[in-house]
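None of the values given here were measured: they were computed from a predicted structure.
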Amino acid sequence: MAEQAQYEELVRQFSAFGAVKREMGRILPSDCPSGSAAVLTLLSRHGDMRMSKLAELLAVDMSVTSRHVAHVAERGWIERSPDPADKRSRILRLTPAGEDRVREMSRLTTELLAERLSDWTDEEVAQLTGLMTRLRASFDDCRSAHRPPAPPDRPEPPTRTPAITQ
């Protein structure tokens with residue numbers, strides 16, 4: 001186990017990582033703020049889904065999710081169709097324009113990372129990717145281990161799949 005000072009330094013690095021995320025957010029197209037980018041990225045990664053599933057993946061409430069969905073729908077990047085299993089619900093689906101937007105955002109973020117990490121070796125980039133994946137999984141393990149049990153008359157809620165956006 002690491003020493004206390006190492007964990008304290010890790011906390012400082014997490015705080016400083018906000019600057020990296022802000023710079024990545026600044027390169028997004030002006031008509032696609034980070035919340036909209038997250039919606040598009042999650043639909044691209046996970047496929048068609050209900051708004052409730054999207055809210056779960058975003059880890060925000062339905063009102064925030066609704067605003068993000070309205071924004072991307074107004075631009076024609078997603079379509080909302082009735083859920084055959086429950087007509088009150090809607091299924092969200094990327095449109096071809098939405099798929100184009102996701103590809104553009106991916107290209108922009110990939111170029112930024114390639115530029116900023118140009119002096120890193122392939123092995124160092126792979127190591128960082130592996131460690132970040134492991135860190136994320138450690139937090140997923142903790143979240144599911146500390147989840148309160150579901151009431152006996154209701155099934156256990158699904159485990160949230162983490163999403164890293166751009």
Side-chain angles (χ1 to χ4, degrees), residues 14 17-118 120 122 125-144 147 150 154-166:
F14 285 149
F17 197 76
V20 174
K21 286 189 71 171
R22 282 188 298 279
E23 184 166 354
M24 291 178 80
R26 280 193 287 274
I27 65 163
L28 293 175
S30 61
D31 62 347
C32 191
S34 62
S36 297
V39 167
L40 297 174
T41 300
L42 288 170
L43 284 170
S44 177
R45 185 175 300 144
H46 297 283
D48 304 353
M49 69 182 76
R50 285 182 170 187
M51 181 104 71
S52 57
K53 177 66 175 176
L54 181 60
E56 181 183 328
L57 291 171
L58 288 169
V60 298
D61 65 39
M62 285 295 282
S63 65
V64 174
T65 303
S66 293
R67 285 193 299 274
H68 293 320
V69 165
H71 183 265
V72 296
E74 288 167 4
R75 282 151 184 78
W77 298 332
I78 66 166
E79 60 184 18
R80 298 175 276 196
S81 56
D83 183 346
D86 180 356
K87 298 294 184 197
R88 297 169 298 171
S89 295
R90 298 276 182 241
I91 298 292
L92 307 175
R93 175 177 296 112
L94 277 178
T95 63
E99 292 169 359
D100 289 345
R101 181 55 57 159
V102 170
R103 280 192 293 276
E104 175 67 6
M105 291 185 308
S106 178
R107 183 187 65 76
L108 291 168
T109 55
T110 300
E111 286 175 1
L112 175 66
L113 286 171
E115 175 189 322
R116 294 294 193 265
L117 305 181
S118 63
W120 290 39
D122 289 349
V125 173
Q127 183 179 15
L128 176 62
T129 303
L131 289 171
M132 290 179 76
T133 301
R134 184 175 172 194
L135 175 66
R136 221 175 72 218
S138 294
F139 276 82
D140 286 343
D141 292 346
C142 291
R143 185 173 43 250
S144 61
R147 178 183 299 151
R154 291 185 18 194
E156 180 90 15
T159 302
R160 184 173 83 77
T161 303
I164 295 182
T165 57
Q166 302 306 313

Spacing of Cys32 atom SG and Trp77 atom CH2 [to the nearest 0.5 Å]: 4.5 Å

Gap separating the NZ atom of Lys53 from the OG1 atom of Thr65, nearest 0.5 angstrom: 12.5 Å

Atom of Val102, atom of Ser44 and distance for their closest heavy-atom approach: CG1-OG, 3.7 Å

Heavy-atom neighbours of Asp122 CG exceed 12 at 6.0 Å: no

Results of side chain to side chain donor-acceptor pair (under 3.5 Å) for Gln127 - residues two or more places apart only: none

Evaluation steps, side-chain contact (heavy atoms from CB on, under 4.5 Å), between Leu43 and Arg93: CA-CA 7 Å; Leu43 284 170; Arg93 175 177 296 112; over 6 Å; no

Short side-chain to backbone donor-acceptor contact, Ser34 and Gly25, under 3.5 Å: no

Distance in Å, Leu113 CG paired with Met24 CE, rounded so as to fall on 0.5 Å steps: 4.5 Å

Those residues that, when tested against Asp86, pass salt bridge (Lys or Arg N to Asp or Glu O under 4.0 Å) (two or more places apart): Arg88

Shortest non-hydrogen contact between Ala70 and Arg80, atoms and distance: CA-NH1, 4.3 Å

Ion pair check, Arg101 and Glu104, cut-off under 4.0 Å: no

Counterpart residues, salt bridge (Lys or Arg N to Asp or Glu O under 4.0 Å), relative to Arg103 (two or more places apart): Asp100

Interatomic distance, Leu40 atom CG to Ser106 atom OG [nearest 0.5 angstrom]: 12.5 Å

Taking every non-hydrogen atom, the tightest pair across Ser36 and Val72: CB-CG1, 3.5 Å

Shortest non-hydrogen contact between Leu54 and Leu92, atoms and distance: CD2-CD1, 3.6 Å

Check: Ser118 side chain, Glu115 main-chain N or O, donor-acceptor pair, under 3.5 Å: yes

Heavy-atom closest pair, residues Ile91 and Pro82: CG1-O, 4.4 Å

Nearest non-hydrogen partners of Met49 and Leu42, listed with the distance: CE-O, 3.8 Å

More than 12 heavy atoms from other groups under 6.0 Å of CZ on Arg134: no

Distance in Å, Met51 CE paired with Leu58 CG, rounded so as to fall on 0.5 Å steps: 10.5 Å

Euclidean distance, Arg90 CZ relative to Ser52 OG, rounded to 0.5 Å: 13.5 Å

Pair Leu128-Val125, side-chain contact (heavy atoms from CB on, under 4.5 Å): steps then yes or no: CA-CA 5 Å; Leu128 176 62; Val125 173; 5.8 Å; no

His71 and Arg67: side chain donor to acceptor below 3.5 Å: no

